[in-house]
A.B. asks: 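Handing you a structure now.
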Number of protein chains: 2
Amino acid sequence: MFTPTQLLEKVNAALAALPLPAAPEGLYAPIVYDLSSGGKRLRPVLLLMAYNLYRHDVEPAMSAALGLEIYHNHTLLHDDLMDNADVRRGRPTVHRRWGANTAILSGDAMLILAFAQVAACPCPQHGRVLELFASTAREVCEGQQLDMDFEHRTDVTEAEYVEMIRLKTSVLLACAARMGALIATAPEADADALYAFAERVGLAFQLQDDYLDVYGDPAVFGKATGGDILCGKNTFLLVGARARADRGQRSRLDALLADSTLPAAEKIAAVTAIYDELGMADACREAIDAYYAEARRHLERIDAPAGHTEALWAYAASLLDRTV
Amino acid sequence: MFTPTQLLEKVNAALAALPLPAAPEGLYAPIVYDLSSGGKRLRPVLLLMAYNLYRHDVEPAMSAALGLEIYHNHTLLHDDLMDNADVRRGRPTVHRRWGANTAILSGDAMLILAFAQVAACPCPQHGRVLELFASTAREVCEGQQLDMDFEHRTDVTEAEYVEMIRLKTSVLLACAARMGALIATAPEADADALYAFAERVGLAFQLQDDYLDVYGDPAVFGKATGGDILCGKNTFLLVGARARADRGQRSRLDALLADSTLPAAEKIAAVTAIYDELGMADACREAIDAYYAEARRHLERIDAPAGHTEALWAYAASLLDRTV
């Protein structure tokens, strides 16, 4: 079985070798720029690891793996435009460098390339692979829409929030794991278990992101804490705090978040103090642990050599091991 | 064989019956709005007519036909955003009604839906159908990029212009005709001939649009003439005029187009006068006739009952019969 690092190298080599034309440069240069910006290549690596549970050579699954990575980068490109974000992975975003119209059109072309790569997968389950990809991509759009809808709401429930992050981020990881199993013609029950495993890992990962933004060690986490608080973003912590708060805590919380005159450090400290009063750190860690445990249980259901599933678990754990 | 009107009704009924969820409304309402705005449904009707040359029942080709229509509407939605257009088919554009972010995300979801519909086509040539669709969609992006590139250039050649409109508009018509043949498992030579036929019809149609914008009868054409001149758009007339102009004509032409103080009617009349000096009306009509004749020759190559191909020809002719 290949290690995640070996698979990452294979994915990066295959991405670099994609036969993209040079012209029109205005269309393709931003795509090359975007795909070369690095990252963990989580989705293709996960797909290839799932495939690798059942088959030795990963080449037959590579085009589908690239499809998911290109798709993921397409969503980031268009999300960055919608969020008006300036920087992605330490470099200017495509719309900042080339303008909004380039971001729209090159992003569209990436979505087309993603489908072409998934469709090029030489496997007997071809139809089901495509259907899985198309339905997942639609769910990701729904998640993004819910995220935008929630920006204007202060009454988002925990269940709604979890469903939003499930759609926006987890289903694509789940799709990657299931797609690897499908291409390998693994047993149906394994494909289901791998889907559920990766979905829970995704939820744990996203909640951990929410947690670390407030309680993380900036030196380890790699960015300053409190960013979510400053932009009033709905997170598991904020949504949960609103649900648990009494009337007084709720009005203090809303007043703090609405206050644009407060210095950043004070605002972060005051909101964090309310989170602490309400036990949100523990509540969030418990939710993470619960998803983590569920992920583990689903992984144990699958019918592959124990050493192989342990490698997959170790990979998932390495993603989550950022000093929660 | 079904008439174009019958096929149009079938397409509209199938579009209205698409199983789209109601929520999140912010994602799906703009899609329903966009797909219900009418139009000639040229691409799906052409696909079904091509299929109908070989097979009686058109149902097996319907999902692919819908895929092309949804794809076409996706391109219009994103193009309208990029062009900052206010109106489409007599109604506010999606970005004008719901905002740019909605236009981006709902447009992305339409592209995903389009692929899902094409992928759902139950036919033995499934892989080739998808490959044709993906490569065509990429060409359409290239055409749109070239169109944007050309806005900043005054040295676009006739060949470059024709290649741009071929990519931006003709290849999707050609794809529709070939896809109908592929799904019907028509002879390979017929699929090629139908592709070439529809490509030439598309070129003739686009050049006719350029012609009518200057020389059309507003009462018949349905809009005021001269719009392309006023916005300095590259058209077959402008590109051809620049190529044919001597130094004096060229500088008069460029000065007129750059003059933002000139009343609209005067500008249109003066530019049209230069087109007339250079014989552009005849040149454009000759180019249209040549593509039209090529289209006819390609259609005559195909191995289907003559009555059927005549129906297809009559449909193409009806599209072009707008009093050139």
Side-chain angles (χ1 to χ4, degrees), chain A residues 20-21 23-28 30-31 71 74-75 77-79 81-84 99-122 126-127 129-131 133-150 152 164 167, chain B residues 20-21 23-28 30-31 71 74-75 77-79 81-84 99-122 126-127 129-131 133-150 152 164 167:
Chain A
L20 285 178
E25 198 193 338
L27 182 67
Y28 291 112
I31 297 177
Y71 172 72
H74 145 82
T75 65
L77 203 167
H78 275 186
D79 285 2
L81 173 60
M82 291 188 266
D83 296 344
N84 203 17
N101 284 359
T102 292
I104 294 168
L105 190 63
S106 293
D108 288 347
M110 288 175 78
L111 183 49
I112 293 162
L113 280 172
F115 267 99
Q117 288 293 320
V118 174
C121 170
H126 192 260
V129 165
L130 268 163
E131 200 186 321
F133 180 49
S135 62
T136 302
R138 233 172 89 172
E139 288 179 319
V140 173
C141 289
E142 293 177 2
Q144 172 67 10
Q145 181 66 47
L146 291 177
D147 197 14
M148 299 191 321
D149 291 345
F150 290 178
H152 312 290
M164 182 275 284
L167 292 167
Chain B
L20 285 179
E25 198 192 338
L27 182 67
Y28 291 112
I31 296 176
Y71 172 72
H74 144 84
T75 64
L77 202 167
H78 275 187
D79 285 2
L81 173 60
M82 290 187 266
D83 296 343
N84 202 17
N101 285 0
T102 292
I104 294 169
L105 190 64
S106 292
D108 288 348
M110 289 176 78
L111 183 48
I112 293 163
L113 280 172
F115 267 100
Q117 287 292 320
V118 174
C121 169
H126 193 260
V129 165
L130 268 163
E131 199 186 321
F133 180 48
S135 62
T136 301
R138 232 172 90 173
E139 288 178 320
V140 173
C141 288
E142 293 177 2
Q144 172 67 10
Q145 181 66 46
L146 290 177
D147 197 14
M148 299 191 317
D149 291 345
F150 290 179
H152 312 290
M164 182 275 284
L167 292 167

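Numbered from 1 within each chain, the chains take letters A, B, ... in sequence-line order.
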A.B. asks: Taking all non-hydrogen atoms of both residues, which atom of B:Leu130 and which atom of A:His126 are closest, and how far apart?
C.D. replies: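 Here B:Leu130 and A:His126 meet closest at CD1-CE1, 4.2 Å.
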A.B. asks: Hey, can you tell me if B:Phe115 and A:Phe115 have their rings parallel, tilted or perpendicular (30° and 60° cut-offs)?
C.D. replies: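 Taking A:Phe115 first and then B:Phe115, their aromatic rings lie parallel (interplane angle under 30°).
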A.B. asks: Which distance, rounded to the nearest 0.5 Å, do you find between the CD of A:Glu25 and the CG of B:Asp149?
C.D. replies: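 Rounded to the nearest 0.5 Å, the CD-CG separation comes to 9.0 Å.
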A.B. asks: So which part of A:Phe133 gets closer than 4.5 Å to some heavy atom of chain B, the side chain, the backbone, both or neither?
C.D. replies: neither
A.B. asks: Examine whether an atom of A:Ala137 lies under 4.5 Å from a heavy atom of chain B, and if so say whether it belongs to the side chain, the backbone or both; otherwise answer neither.
C.D. replies: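 Both parts, heavy atoms under 4.5 Å.
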A.B. asks: Going by heavy atoms in the side chains, are B:Ile104 and A:Gln144 under 4.5 Å from each other?
C.D. replies: no
A.B. asks: Only pairs of heavy atoms separated by less than 4.5 Å count here; which of B:Pro21, B:Pro24, B:Ala116 has the most with chain A?
C.D. replies: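 Ranked by heavy-atom pairs under 4.5 Å with chain A, first place is B:Pro24.
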A.B. asks: Non-hydrogen atoms of chain B under 4.5 Å away: do they reach the side chain of A:Glu131, the backbone, both or neither?
C.D. replies: neither
A.B. asks: Which region of A:Leu27, side chain (C-beta onward) or backbone (N, CA, C, O), has a non-hydrogen atom less than 4.5 Å from a non-hydrogen atom of chain B, or is it both or neither?
C.D. replies: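 Looking at A:Leu27, backbone and side chain both touch chain B.
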A.B. asks: Taking every non-hydrogen pair under 4.5 Å, which of B:Gly99, B:Gly26, B:Ala103 racks up the most with chain A?
C.D. replies: B:Gly26
A.B. asks: How about residues 105-113 of chain A versus chain B: which residues have heavy atoms under 4.5 Å apart?
C.D. replies: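 Expected list: A:Leu105, A:Asp108, A:Ala109, A:Leu111, A:Ile112, A:Leu113.
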